[in-house]
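Here is the structure we will look at, set down as structure tokens.
Note that the coordinates shown come from a computational prediction; the quantities given were computed from them, not determined experimentally. Basis for what follows: all heavy atoms, side chains included, without hydrogens, waters or symmetry-related copies.
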Amino acid sequence: MVLAMTLAGTAACSGSEPTRKVAETVTTASPSGLDGGSAGTSTTPVTPTAVPPAAAGDTAEAGAYGTELLTYLRTTVHGTHVAKVRVASSYKVYKVTLETDLVRGSGATQDEAVVRDLAGKLLTETAQWAEEHPALWIGSMEIFDSDRDVIDFRLGAERDDRKPAADEYGAGILAALHGSAEGAHVTQVRLTLDHRGEYELAVNTDLSSHLPSDYSIESAQAFTTADRIVLAATNWIRDHPGFTVAALRVYDSQRGLITIKVAD
């Protein structure tokens with residue numbers, strides 16, 4: 001049997017008229033051409049190899065949400081570690097799974113503390129993005145390493161019927177912090193309802209990122225500044241009792257947790 005594929009560029013060698021791309025057609029000689037009969041051709045589309053999507057969901061809405069989240073994560077400091085985002089629903093409450101290239105165990109090139117730090121930052125980015133995009137109710141988030149083992153897990157925020165008022169309260173705290181000695185480091189304030197139905201305050205800053213085991217001068221300075229931010233926020237909250245804030249967290253420029261204060 002004679003087999004001829006319409007490869008691009010064949011015409012230049014044989015003088016025949018230009019052929020079409022392989023991705024478009026495959027042309028084969030009919031067996032009748034071997035016994036003196038008229039040669040025939042059949043054109044068969046070639047299906048490209050399917051590439052699994054980088055974001056997936058069990059509904060169209062969940063898939064679109066996952067795509068938006070992945071697009072955002074890829075813009076963050078450590079977002080290149082995220083290989084895939086999955087969004088699955090259970091009674092209208094959604095679970096987000098981040099699959100990453102983070103390696104643990106014998107083949108790891110980074111300490112376990114570093115991997116867990118990166119995972120925590122990616123979960124914080126995910127949680128804060130989900131709070132700003134409440135089209136789906138995210139009940140939980142988890143992050144996997146390269147072997148699909150869970151590195152970390154986090155519960156999502158509750159739906160908040162007082163969100164407009166909470167946003168206004170948070171804006172008041174932000175204005176107060178900007179007027180404080182450390183206010184230049186504060187980039188965002190978020191007041192959200194946690195999974196227990198209690199309000200938590202998150203303060204995002206431009207402070208440098210350090211591991212908990214880092215005892216350098218720079219790390220100490222970042223912690224001291226974060227502590228002063230906590231004090232200023234706590235004083236404002238005490239004087240403005242519109243919301244009961246159960247915990248206050250300060251994050252660095254990479255969404256790593258610097259310090260946390262739990263209400264007495």
- Verify the distance criterion only: is there a donor paired with an acceptor across the side chains of Tyr72 and Glu125 at less than 3.5 Å? yes
- Indicate the atoms forming the closest heavy-atom contact of Val150 with Arg104, along with that distance. O-NH2, 3.1 Å
- Message: Is there a side-chain contact between Thr76 and Arg255 in this structure, where contact means two heavy atoms from C-beta onward sitting under 4.5 Å apart?
- Response: no
- Item | Nearest-0.5 Å distance that lies between atom CD in Glu112 and atom CG in Asp117 | 11.5 Å
- What is the distance from atom CD1 of Ile260 to atom OH of Tyr251, rounded to the nearest 0.5 Å? 7.5 Å
- Answer yes or no: is there a donor N or O on one side and an acceptor on the other, between the side chain of Thr187 and the main chain of Asn204, under 3.5 Å? yes
- With side chains defined as the heavy atoms from C-beta onward, is the minimum distance between Leu136 and Glu61 less than 4.5 Å? yes
- With side chains defined as the heavy atoms from C-beta onward, is the minimum distance between Trp236 and Leu177 less than 4.5 Å? no
- Note on the structure: Note: Thr192 and Glu131 closest approach over all heavy atoms is CG2-OE1, 3.3 Å
- Message: What I'd like to find out is whether the side chain of Leu118 reaches to under 4.5 Å of the side chain of Leu102, using heavy atoms alone.
- Response: yes
- Between the side chain of His178 and the main-chain N/O of Val186, is any donor-acceptor distance below 3.5 Å? yes
- Query: So do Thr225 and His185 actually touch side chain to side chain, heavy atoms under 4.5 Å?
  - Reply: yes
- N/O donor-acceptor pair under 3.5 Å between Ser219 side chain and Tyr215 backbone: no
- Item | Minimum heavy-atom distance Ala263-Val245, with the two atoms named | CB-O, 3.4 Å
- Might you work through the side-chain contact (heavy atoms from CB on, under 4.5 Å) test for Ile151 and Arg116, ending with a clear yes or no? CA-CA 7 Å; Ile151 306 174; Arg116 287 191 170 278; 4.2 Å; yes
- Is the count of non-hydrogen atoms from other residues, nucleotides or ligands lying under 6.0 Å from Glu168 atom CD greater than 12? no
- Query: What distance do Asp252 atom CG and Leu207 atom CG have between them, rounded to the nearest 0.5 Å?
  - Reply: 7.5 Å
- Decide yes or no for Arg86 and Lys84: does some side-chain heavy atom of the first lie under 4.5 Å from some side-chain heavy atom of the second? yes
- Message: Starting from Leu122, can I reach Phe144 by hopping between I/L/V/M/F/W/Y residues whose side chains sit under 4.5 Å apart?
- Response: no
- Item | Heavy-atom donor-acceptor pair, Arg159 side chain to Pro134 backbone, under 3.5 Å | yes
- Enter the distance from Phe223:CZ to Gln221:CD here, rounded to the nearest 0.5 Å. 13.5 Å
- Query: Taking atom types as modelled, is there a side-chain donor on Ser89 or Asp58 under 3.5 Å from an acceptor on the other?
  - Reply: yes
- Item | Closest non-hydrogen atom pair between Glu218 and Ser208, with its separation | O-OG, 4.4 Å
- Is a side-chain donor-acceptor pair under 3.5 Å present for His78 with Gln254? yes
- Task: Decide yes or no for Arg228 and Leu231: does some side-chain heavy atom of the first lie under 4.5 Å from some side-chain heavy atom of the second?
- Result: no
- Message: Checking Tyr65 now: which residues fulfil ring pair (Phe, Tyr, Trp, His ring centres under 6.0 Å) with it, not counting sequence neighbours?
- Response: Trp129
- Query: Do Val250 and Phe243 belong to the same hydrophobic cluster, where Ile, Leu, Val, Met, Phe, Trp and Tyr are linked whenever their side-chain heavy atoms lie under 4.5 Å apart, directly or via other members?
  - Reply: yes
- Query: Is the number of heavy atoms from other residues, nucleotides or ligands within 6.0 Å of CG (Asp161) greater than 12?
  - Reply: no
- Message: Using the rule that Ile, Leu, Val, Met, Phe, Trp and Tyr join whenever any side-chain heavy atoms are under 4.5 Å apart, tell me whether Leu123 and Leu211 fall into a single cluster.
- Response: yes
- Are Arg190 and Glu132 within salt-bridge range, i.e. N to O under 4.0 Å? yes
- Side chains of Asp145 and Val115 in contact at under 4.5 Å (non-hydrogen atoms): no
- Evaluate the criterion side-chain contact (heavy atoms from CB on, under 4.5 Å) for residue pair Gln128 and Gln188; output intermediate values, then yes/no. CA-CA 11 Å; Gln128 292 194 357; Gln188 188 180 38; 4.2 Å; yes
- Task: May I ask whether Leu193 and Met141 are part of the same hydrophobic cluster, defined by side-chain heavy atoms of I, L, V, M, F, W, Y residues being less than 4.5 angstrom apart, directly or through others?
- Result: no
- Query: Is Val114 reachable from Val82 through a run of I, L, V, M, F, W or Y residues, each pair having side-chain heavy atoms under 4.5 Å apart?
  - Reply: yes
- Item | Donor-acceptor contact present, side-chain Asp147 to main-chain Asp149, <3.5 Å | no
- If you measure from CG on Leu73 to OG1 on Thr100, what distance do you get to the nearest 0.5 Å? 11.5 Å
- Task: For Ala222 and Ile258, work out which heavy atoms get closest and say how close.
- Result: O-CG2, 4.1 Å
- State whether the side chain of Trp137 and the backbone N or O of Gly156 hold a donor-acceptor pair below 3.5 Å, judged by distance alone. no
- Message: So which atom in Ile173 and which in Ala233 form the shortest heavy-atom distance, rounded to 0.1 Å?
- Response: CG2-CB, 4.3 Å
- Straight-line distance of Ile237 CD1 to Leu201 CG, nearest 0.5 Å: 5.0 Å
- Take Arg154 and Thr124, measure what side chain to side chain donor-acceptor pair (under 3.5 Å) needs, and give me the verdict at the end. CA-CA 9 Å; Arg154 192 170 298 179; Thr124 298; 2.8 Å; yes
- Cation-pi between Arg162 and Tyr169: NZ/CZ under 6.0 Å from ring centre and within 45° of the ring axis? no
